[in-house]
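A, B, ... follow the sequence lines: proteins, then strands. Residue 1 opens every chain.
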Amino acid sequence: MKTYQIPVPTFDLDHTLRCGQVFRWRESKDGWIDIVIKAKQEGDVLIVKSNLDMEDVMSYFRLSDDLDDIYKHISKDEVMNEAIARYRGMRLIRQEPWECLISYLCSINNRIPQIERMIQNLSTYFGEEICDGFYSFPSPERLAEATRSELEKCKLGFRVDWILGIAKKVCDGELILNQLRNLDYQNAKEMLMKIDGVGHKVADCVLLYSLDKLEAFPVDVHIRRLTQREYFQNQEVSDEIIREWAKGYFGDYAGYAQQYLFYYERSRGGKR
DNA sequence: AGCCAGGTTGCGG
DNA sequence: CCGCAACATGGC
């Protein structure tokens with residue numbers, strides 16, 4: 001276990017881990033913990049304990065993203081400015097694509113606590129025990145050799161066959177997720193959407209959260225509700241219209257805008 | 001009890 | 001291209 005103290009100019013660990021993009025981090029008395037990483041923030045310093053190299057930690061938290069420049073690009077209106085003011089320092093996280101894909105398949109027509117439970121179940125049933133009580137996310141190989149009824153124990157619902165199918169594709173080399181990084185956004189999205197169970201939303205999530213496509217703008221119920229209310233005068237417009245609008249309105253960093261708006265919309269509970 | 005949740009698919013128009 | 005229901009699970 002190595003310890004890093006990383007100076008971070010514009011960064012907020014709490015917002016970054018609470019905004020709904022990752023599903024395995026837990027908050028404890030002394031900071032945050034994932035399977036192999038512990039992290040806490042003291043002022044402008046991020047303190048990390050992990051076996052990872054420093055550069056991997058920097059990469060994971062996207063500490064090289066120029067947030068102030070990104071804010072300049074997406075600060076288009078009062079709604080966006082309010083979201084930025086509230087969550088200043090929130091960064092996207094660069095996730096591992098395989099885990100990201102399965103995680104967002106679990107997100108389909110689901111709630112966050114249950115998504116977290118499914119991922120926890122998958123890990124304890126099919127992952128490897130790293131240290132007592134902590135299990136890694138299962139490998140594609142391990143999931144591909146699982147039976148349907150074994151997977152059903154994880155309470156995945158109708159997602160079981162999709163997940164099995166994807167695991168097999170990855171094992172066969174038919175789907176090489178990291179390769180999609182080399183394609184542009186449109187082409188990578190087309191490839192992802194050939195996968196059974198992957199539509200626009202899941203594809204955009206995987207592209208944004210794990211494949212560095214910052215223009216991806218995942219449209220889910222919350223983003224749809226907020227966008228129609230704040231930008232379309234309560235008109236009902238299709239998701240395709242919303243995606244096209246976001247691309248033109250927010251530009252290359254639409255994905256960052258999406259994350260701020262998503263968190264903003266989800267945490268305005270009760271406030272009309 | 002019925003509706004909804006970080007949707008997708010397959011169907012009929 | 002559009003809208004629509006079904007899909008498994010669980011919380012309110």
Side-chain angles (χ1 to χ4, degrees), chain A residues 15-25 83 87 90 92-93 95 97 99-122 124-125 146-167 169 175 189-211 213-230 232 235-246 250 254-270:
Chain A
H15 291 325
T16 297
L17 295 180
R18 281 185 191 136
C19 69
Q21 58 179 328
V22 288
F23 301 104
R24 299 206 68 183
W25 283 91
Y87 307 126
M90 184 175 83
L92 290 173
I93 277 182
Q95 303 182 33
E99 176 171 345
C100 184
L101 174 55
I102 300 302
S103 297
Y104 280 92
L105 259 140
C106 291
S107 81
I108 292 172
N109 203 27
N110 211 350
R111 288 170 210 244
I112 288 182
Q114 187 151 346
I115 301 167
E116 294 173 342
R117 202 170 312 141
M118 288 175 179
I119 294 169
Q120 183 61 43
N121 289 342
L122 278 170
T124 49
Y125 281 119
T147 64
R148 193 171 280 98
S149 55
E150 281 179 318
L151 276 176
E152 278 165 359
K153 289 190 295 189
C154 299
K155 299 297 179 185
L156 304 170
F158 54 80
R159 306 161 190 82
V160 163
D161 286 328
W162 290 338
I163 291 175
L164 252 183
I166 293 171
K169 271 193 174 186
L175 173 63
K189 185 167 180 179
E190 273 180 37
M191 298 298 285
L192 283 172
M193 289 184 63
K194 286 179 186 167
I195 302 168
D196 205 20
V198 178
H200 284 278
K201 158 64 169 55
V202 172
D204 278 330
C205 285
V206 173
L207 291 165
L208 178 61
Y209 300 131
S210 75
L211 295 172
K213 307 306 182 193
L214 297 186
E215 69 261 55
F217 190 88
V219 178
D220 71 331
V221 284
H222 305 288
I223 287 293
R224 186 181 307 123
R225 187 186 306 128
L226 175 140
T227 305
Q228 294 182 354
R229 185 185 67 237
E230 302 292 346
F232 285 86
Q235 272 183 87
E236 287 207 11
V237 290
S238 71
D239 293 352
E240 193 52 46
I241 299 278
I242 294 176
R243 283 188 291 270
E244 281 304 309
W245 162 79
F250 292 119
Y256 256 101
Q258 184 272 0
Q259 197 60 39
Y260 277 82
L261 293 175
F262 173 79
Y263 195 24
Y264 177 77
E265 176 67 8
R266 262 181 51 86
S267 53
R268 51 166 240 134

Visitor: Expressed in angstrom and rounded to an integer, what is the separation of A/His200 atom NE2 from B/dG7 atom P?
Guide: 14 Å
Visitor: Could you tell me whether A/Glu240 contacts a base, only the sugar-phosphate backbone, or nothing, with contacts defined as non-hydrogen atoms closer than 4.0 Å?
Guide: nothing
Visitor: Students often get this wrong, so: under 4.0 angstrom with heavy atoms, is A/Gln259 touching a base, only sugar-phosphate, or nothing?
Guide: base
Visitor: Can you name the ring pair (Phe, Tyr, Trp, His ring centres under 6.0 Å) partners of A/Tyr256, sequence neighbours left out?
Guide: none
Visitor: Please state how far atom CG in A/Leu105 lies from atom C1' in B/dT8, giving the value in whole angstrom units.
Guide: 9 Å
Visitor: Do nucleotides 6-12 of chain C as a string where each nucleotide becomes B, S or -: B if the base has a protein heavy atom under 4.0 Å, S if just the sugar-phosphate does, - if no protein is that close.
Guide: -BBBBB-
Visitor: Would you mind reading off the distance between A/Arg243 atom CZ and B/dG7 atom P, rounded to a whole angstrom?
Guide: 13 Å
Visitor: Within the 4.0 Å heavy-atom criterion, would you say A/Gly197 contacts the bases, only the backbone, or no part of the nucleic acid?
Guide: sugar-phosphate
Visitor: Anything under 3.5 Å between a protein N or O and an N or O of nucleotides 10-13 of chain B, put it in a table, one pair a line.
Guide:
none

Visitor: Need to verify one output field. Residue with the more 5' nearest nucleotide on DNA chain B, A/Ile112 or A/Met193?
Guide: A/Ile112
Visitor: Starting at CG of A/Asp161 and ending at P of B/dT9, how long is that distance when rounded to a whole Å?
Guide: 13 Å
Visitor: Would you be so kind as to tabulate the donor-acceptor pairs closer than 3.5 Å made by side chains of residues 195-205 of chain A, with sequence neighbours excluded?
Guide:
| unit_1 | atom_1 | unit_2 | atom_2 | d |
| --- | --- | --- | --- | --- |
| A/His200 | ND1 | A/Lys189 | NZ | 3.2 |
| A/Asp204 | OD1 | A/Tyr185 | OH | 2.6 |
| A/Asp204 | OD1 | A/Lys189 | NZ | 3.3 |
| A/Asp204 | OD2 | A/Lys189 | NZ | 3.0 |

Visitor: Distance check needed: C/dG3 C1' versus A/Ile241 CD1, whole Å only.
Guide: 15 Å
Visitor: Is any side-chain N of the basic residue among A/Glu150 and A/Lys153 closer than 4.0 Å to the acidic one's carboxylate O?
Guide: no
Visitor: Could you tell me which residues satisfy side-chain contact (heavy atoms from CB on, under 4.5 Å) with A/Thr227, sequence neighbours excluded, listed by chain and number?
Guide: A/Ile223, A/Tyr231, A/Phe232, A/Ile242, A/Trp245
Visitor: How is A/Tyr263 classified with respect to the nucleic acid when contacts are heavy atoms under 4.0 Å: base, sugar-phosphate, or nothing?
Guide: nothing
Visitor: Pick the P atom in C/dA5 and in B/dG2, then give their distance to the nearest Å.
Guide: 16 Å
Visitor: Please state how far atom CD1 in A/Ile195 lies from atom C1' in B/dT9, giving the value in whole angstrom units.
Guide: 15 Å
Visitor: Relative to each other, are the rings of A/His15 and A/Tyr87 parallel, tilted or perpendicular (30° and 60° limits)?
Guide: perpendicular
Visitor: To the nearest Å, how far apart are A/Ile115 CD1 and B/dA5 P?
Guide: 12 Å
Visitor: Regarding A/Arg224, tell me which of base, sugar-phosphate or nothing describes its non-hydrogen contacts under 4.0 Å with the strands shown.
Guide: nothing
Visitor: Separation of A/Leu101 atom CG from B/dT8 atom P, in whole Å?
Guide: 11 Å
Visitor: Within the structure shown, what part of the strands sits under 4.0 Å from A/Val202 by heavy-atom distance: base, sugar-phosphate, or nothing?
Guide: sugar-phosphate
Visitor: Quick one: does A/Arg159's side chain get under 4.5 Å of A/Asn110's, heavy atoms only?
Guide: yes
Visitor: Counting neighbours of CZ on A/Arg148 that are heavy atoms of other residues, nucleotides or ligands and sit closer than 6.0 Å, is the number greater than 12?
Guide: no
Visitor: Between A/Ser210 and A/Tyr104, do the side chains contain a donor N or O and an acceptor N or O under 3.5 Å apart?
Guide: no
Visitor: Closest heavy-atom contact between A/Gly20 and A/Ile112?
Guide: CA-CD1, 4.4 Å
Visitor: So what does A/Val198 hit on the nucleic acid, given a heavy-atom distance under 4.0 Å: a base, only sugar-phosphate, or nothing?
Guide: sugar-phosphate
Visitor: List for me each residue that meets ring pair (Phe, Tyr, Trp, His ring centres under 6.0 Å) alongside A/His222, sequence neighbours excluded, and say none if there are none.
Guide: A/Phe262
